[in-house]
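Accompanying notes for the structure given below.
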Amino acid sequence: MPGTDALSADLTTLVRSVSGVTTVYDAGSSIGRALGKVADLVSGRRGDTAPILVKDPSAGITVSVSIGVADAASAAEVCRRVHDAIAEHLAARGEAASEIAVQVSSIG
Amino acid sequence: MKRSKKPITPASATGAADYSGDEPEGLDGHTIEELNDYLDDDRTPARESIDNSPGCQIALAALERLRGLTLTLLDRDVLAEPARDDTWVSSILENLSREVHAGRDIPIRHDDTAARLTITEGAVRGLIRSAGDGVHGVVMGRCRLEGAVTELGEPVTVNVDAAVIWGHPLPDAADRVRRAVQAELRRHTELNLAAIDVTIHDVHAPRAGGTG
């Protein structure tokens, strides 16, 4: 789908602004993150790809997010806030998601 | 400014169990030794592959707590009992490297049928370890979640091992760990806690002439 990269970047900015979110991790696989180590060693940088995965299969948009949460906030509540922010953003664009997956990967 | 290096000794250097085979998954290709070096360098220059790894972030937080402990405890004990301390610190590192991997997805409720909200088992284990380490006089060992954690409402038992610093009553220490873990899990998760079992597996005592 044209525009998924732009949507991913928009959603990354949005999720980072949600209260209680400390980090937006790369939602890709651990293998991808391990490869990132190699990229670190070679170039010192991994690149600037947005970490939120957005796919647009025929059944509808799917969004995958992996976040770190501050210890001061409730991880469950922050997770719901992130979902709701994404859903509202998509609705404002006139789109609906078939799945919004938000994973809390670290706390504190 | 560099931090002073404390004796966070890897198991491979002490003859304790080899945990290296567990590291690639949880630490995304990094090792505990690399994370130690990263802390020594005050995380400078920034390494994105570490900063973007949930497992590394959980491990770094635990290593920092362990370093704080070594400043207050091991400075005294390591001099008196180096072999013993190397072993138990290595055991903590071994457990840590095993526990940081994401593991199972623990669900969070939401009314939207399109929502798939989860907390990783690794994040929850890190939370439990942090809660226990925050109890004065306690050093956390192994953390386990037993039960169908992937199903909302299913009873889950938390099993933790801990060591206690000499001078702290064991029943009281176990109770404080249990309450700290319970409070954190209730605040952050929707687990149906059936029990929190705390096993005190060791007491770290200074030898005669120590201050504790």
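None of these values were measured; they are calculated from a predicted model. Values below: every heavy atom of this structure, side chains too, minus hydrogens, waters and symmetry copies.
- Neither the backbone nor the side chain of A/Val65 has a heavy atom closer than 4.5 Å to any heavy atom of chain B.
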Margin query: Between B/Arg176 and B/Asp172, does the salt bridge (charged side-chain N to carboxylate O under 4.0 Å, His left out) criterion hold? Intermediate values first, please.
Written below: CA-CA 6 Å; B/Arg176 284 183 293 131; B/Asp172 178 61; 2.9 Å; yes
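- At distances below 3.5 Å, not a single donor-acceptor pair connects side-chain atoms of B/Tyr38 with backbone N or O atoms of B/Leu60.
- By number of non-hydrogen pairs under 4.5 angstrom with chain B, the leading residue of A/Thr62, A/Val102, A/Thr23 is A/Val102.
- Within residues 105-124 of chain B, the residues having any heavy atom less than 4.5 Å from a heavy atom of chain A are, in residue-number order, B/Asp105, B/Ile108, B/Arg109, B/His110, B/Asp112, B/Ala114, B/Ala115, B/Arg116, B/Leu117, B/Thr118, B/Ile119, B/Thr120, B/Ala123.
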Extract all donor-acceptor atom pairs below 3.5 Å that involve side chains of residues 137-156 of chain B and protein atoms in other chains or at least two apart in sequence.
{"from": "B/Glu146", "atom 1": "OE1", "to": "B/Asn159", "atom 2": "ND2", "distance (Å)": "3.2"}
{"from": "B/Glu146", "atom 1": "OE2", "to": "B/Asn159", "atom 2": "ND2", "distance (Å)": "3.1"}

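- Under the 3.5 Å distance criterion, the side-chain polar atoms of B/Thr199 are left unmatched by any main-chain donor or acceptor of B/Asp161.
- Ion pair B/Asp175/B/Arg178 flagged as a salt bridge, since at least one NZ, NE, NH1 or NH2 atom sits closer than 4.0 Å to an Asp/Glu carboxylate oxygen.
- One distance of note links CG of B/Leu127 with CG of A/Asp71; it measures 6.5 Å at 0.5 Å rounding.
- No donor-acceptor distance shorter than 3.5 angstrom exists from the side chain of A/Ser8 to the backbone of A/Thr4, with no hydrogens or angles considered.
- Contact of A/Ala73 with chain B is made through the backbone alone, with heavy-atom distances under 4.5 Å.
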